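All figures in this text were calculated on a predicted structure; none of them were measured in a lab.
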Amino acid sequence: MADEEKDTKPKEPGENKPRNEANIFVWLIVIIGIVYIYQWIFASYGEVSAPLTYKQLYQTLETNDKTKRIISAKKIADRITGQFNDGKRFATNIMDNDTDIMKLLREKVQDFDIEPPQTFWANVFYSLGPMLLFILFLWFFVYRGMSVGGGKMLSFGKARTKLATKDQMTVTFDSVAGIEEAKEELKEVVEFLKSPKKFQKLGGKMPKGVLLMGPPGTGKTLLAKAVAGEAGVPFLSISGSDFVEMFVGVGASRVRDLFEQAKKTVKVSQKGSIIFIDEIDAVGRQRFSGIGGGHDEREQTLNALLAEMDGFDTVSGIILVAATNRPDVLDPALLRPGRFDRQIVVDRPDVVGREAILKVHAKNVKLQKDIDLKKIAMQTAGFSGADLANLINEAALLGARRDKEEVGMSELQEAMERVMAGPERRSRKINDEEKKIIAYHESGHAIMSYLIVGADPLHKVTIVSRGMALGYTIHLPKGDQYLHRKSQFIGKIAGMLGGRVSEEVAFNEISTGAQDDIRRATELARDMVTQYGMSERLGHLTFGHRHNQVFLGRDITEERNYSEDTAKVIDEEVKSIIDECYKIAKEKLVENKSKLDLLAAKLIEKETMDESEVRELLGFAKEPDPKEPVV
């Protein structure tokens with residue numbers, strides 16, 4: 001938008017004059033270069049096609065009155081050039097004051113002439129020409145290219161910030177939903193930027209830095225933009241990776257330039273300014289001085305950032321907001337009070353937050369009036385704000401592909417499954433035997449949700465391939481849950497093993513289809529023993545110290561702080577839990593073998609069934625209350 005306005009703006013007379021002069025200068029260099037190359041190469045060397053030695057020239061001239069081989073010649077300084085009768089040209093160097101050769105030329109060559117040698121300036125031109133052209137090239141194309149038009153070479157140490165002014169900041173707190181606690185924490189920052197004297201008159205100081213940390217996609221960057229939009233101050237954004245370069249000292253220079261730019265925006269706007277550094281863990285990683293040394297460039301950049309944060313005055317209204325999903329790797333000096341005074345966790349939203357996020361993203365989407373977004377919110381436990389935005393967008397795209405005027409509940413359900421498991425793969429060819437195995441496997445998972453306490457309620461079961469899965473059963477929790485009982489874990493593991501058990505019950509044989517179920521069940525059982533203290537033999541202890549990535553849920557290394565004997569007991573306890581859960585699942589499915597066969601047959605026929613269809617087919621009560629299993 002800004003570029004279009006700049007192009008359509010009327011230009012003052014003479015505004016293009018510097019550019020025209022530059023173009024003339026360029027063409028002048030090009031013309032001089034072409035003339036020089038022609039004179040130096042073609043005029044001097046290109047004319048010689050038949051080299052002739054002094055002796056050969058002398059012999060040829062002696063008989064030239066009869067042979068007429070040389071038809072023309074001329075002398076320039078100590079060089080003879082000429083042309084043979086066959087059109088070829090020759091050149092020969094002679095001695096100064098060579099009277100014999102001069103006599104032969106005058107007598108034997110009909111067309112002979114003497115030209116004066118090159119002048120002093122001509123010699124200077126030909127000898128210094130290449131150097132002059134090279135200097136002009138460096139000056140115009142390199143120096144001027146660096147210094148004119150925001151050149152990048154001289155601005156190598158400048159911060160690559162993106163400045164958004166008040167008019168460009170359209171994001172406000174109304175655009176952010178599902179993270180109400182984080183918004184409340186940041187409202188005080190907004191009030192300070194709007195009226196800093198309100199806090200300063202009582203001697204209060206605003207936090208110099210605010211660190212937003214949480215899983216990917218939870219709205220950390222959006223929240224920082226909303227702060228700037230609400231406060232109406234300039235917003236300078238940069239990524240942490242923009243500070244790190246191959247050359248030592250460049251990152252530190254960019255940090256200093258970043259804060260200088262912020263101070264200038266404060267002077268221009270007469271208000272505060274927000275600096276936002278995304279993925280600050282790229283530059284704020286903890287310094288290292290052990291084996292192998294550290295990373296000099298990153299550490300110098302971090303030192304510059306520490307100095308600037310501790311040095312700039314909060315009275316000027318500059319507030320640094322940073323975002324990361326790896327707070328565990330940040331340097332302690334960066335996290336101390338006086339730098340990042342406030343550390344705000346932006347976590348995944350609960351059911352109320354998910355409903356609010358869905359409403360925000362659904363504002364520009366034509367939804368049917370009977371759409372219940374609360375139901376979708378209850379079905380999307382664990383979704384981040386980015387996942388929910390993607391869900392709404394996928395539903396809109398799906399409705400457009402189906403040529404619908406409005407997005408319905410079926411599109412939202414399909415979009416939710418696409419986000420969770422990937423697109424359907426109806427083109428995958430599965431033979432009847434494998435289709436039957438998949439039907440029994442998924443039927444086992446579905447039935448276990450009615451028979452086991454602790455298993456999540458059934459939502460949908462299908463044998464249509466989606467993503468990497470040949471079939472899948474969706475269980476949706478009743479609500480957000482932050483504490484889990486041991487009996488719930490037992491029920492979850494039994495439900496995970498329901499697919500493998502159903503194959504054994506139906507075919508007296510097992511397949512590889514339960515690979516992912518067994519992996520997840522084993523991990524949960526091991527966590528029960530080593531992390532949650534749910535083993536009677538080992539007691540209320542934690543075994544092993546995991547160095548995992550905070551908010552990313554991935555274990556990098558695990559410190560083993562127990563003996564081999566304890567490791568053996570851990571393995572035995574994990575196997576005991578899995579075996580007991582397998583036994584529970586087998587007992588339940590053997591008792592309900594007829595229902596298992598009925599559901600598997602119906603799945604082969606219909607391929608997909610929702611919870612109400614399964615419950616009606618099998619005759620289960622809507623609110624089952626089975627006996628709680630005990631290990």
(request) Could you go through the salt bridge (charged side-chain N to carboxylate O under 4.0 Å, His left out) check for Lys108 and Asp65 one step at a time? (result) CA-CA 5 Å; Lys108 304 294 185 176; Asp65 56 342; 3.2 Å; yes
Taking all non-hydrogen atoms of both residues into account, name the closest pair between [X] and [Y] and its distance.
X	Y	result
Phe173	Lys183	O-NZ, 3.2 Å
Ala322	Ile280	CB-CD1, 3.7 Å
Val109	Ala73	CG1-N, 4.1 Å
Ala182	Leu223	CB-CD2, 3.7 Å
Ala224	Phe235	O-CE1, 3.5 Å
Met309	Phe259	CG-CZ, 4.3 Å

Just wondering, do [Y] and [X] contact through their side chains at under 4.5 Å, heavy atoms?
X	Y	result
Arg326	Met213	no
Asn325	Thr218	no
Arg89	Phe84	no
Glu230	Val171	no
Asp347	Pro215	yes
Met102	Asp100	no
Ile80	Phe90	yes
Val210	Val189	yes

Is the closest side-chain donor-acceptor distance between [X] and [Y] under 3.5 Å?
X	Y	value
Glu299	Asn303	no
Thr265	Ser273	yes
Ser239	Asp278	no

Inset, instruction - Given side chain to side chain contact (heavy atoms under 4.5 Å, CB included), test Lys263 with Ile318 step by step and report yes or no. - result: CA-CA 7 Å; Lys263 292 176 183 178; Ile318 301 175; 3.5 Å; yes
Atom pair [atom1]/[atom2] of [X] and [Y] - distance to nearest 0.5 Å:
X	Y	atom1	atom2	answer
Thr92	Tyr54	OG1	OH	10.0 Å
Arg69	Ile71	CZ	CD1	11.5 Å
Leu335	Phe340	CG	CZ	8.0 Å
His361	Ser175	NE2	OG	9.5 Å
Leu104	Asn64	CG	CG	9.5 Å
Asp387	Glu394	CG	CD	11.5 Å

Worked verdict on Arg342 versus Glu188 for salt bridge (charged side-chain N to carboxylate O under 4.0 Å, His left out): CA-CA 11 Å; Arg342 289 195 178 178; Glu188 189 174 313; 2.9 Å; yes
Check step by step if side chain to side chain contact (heavy atoms under 4.5 Å, CB included) holds for Gln83 and Lys88.
CA-CA 6 Å; Gln83 184 177 1; Lys88 294 183 178 180; over 6 Å; no
Practice task
Given side chain to side chain contact (heavy atoms under 4.5 Å, CB included), test Gln59 with Lys55 step by step and report yes or no.
Solution key: CA-CA 6 Å; Gln59 293 173 350; Lys55 183 177 181 181; 3.3 Å; yes
- Item | Residues, nucleotides or ligands: over 12 heavy atoms within 6.0 Å of Asn364 CG | no
- Message: Tell me whether Lys225 at atom NZ has more than 12 heavy atoms from other residues, nucleotides or ligands lying less than 6.0 Å away.
- Response: no
Only residue of Val227, Leu212, Ile277 satisfying side-chain contact (heavy atoms from CB on, under 4.5 Å) with Val321 is Leu212
Partner of Val176 under side-chain contact (heavy atoms from CB on, under 4.5 Å), picked from Val360, Leu222, Val346, is Leu222
| request: I would like to know whether Leu61 and Ile101 meet side chain to side chain contact (heavy atoms under 4.5 Å, CB included); could you show each step before the answer? | output: CA-CA 8 Å; Leu61 286 173; Ile101 200 78; 3.6 Å; yes
Would you check if the side chain of Gln56 reaches a backbone N or O of Thr53 as a donor-acceptor pair within less than 3.5 Å? yes
Chi angles and distances behind the salt bridge (charged side-chain N to carboxylate O under 4.0 Å, His left out) call for Arg339, Asp341
CA-CA 6 Å; Arg339 291 196 173 104; Asp341 301 279; over 6 Å; no
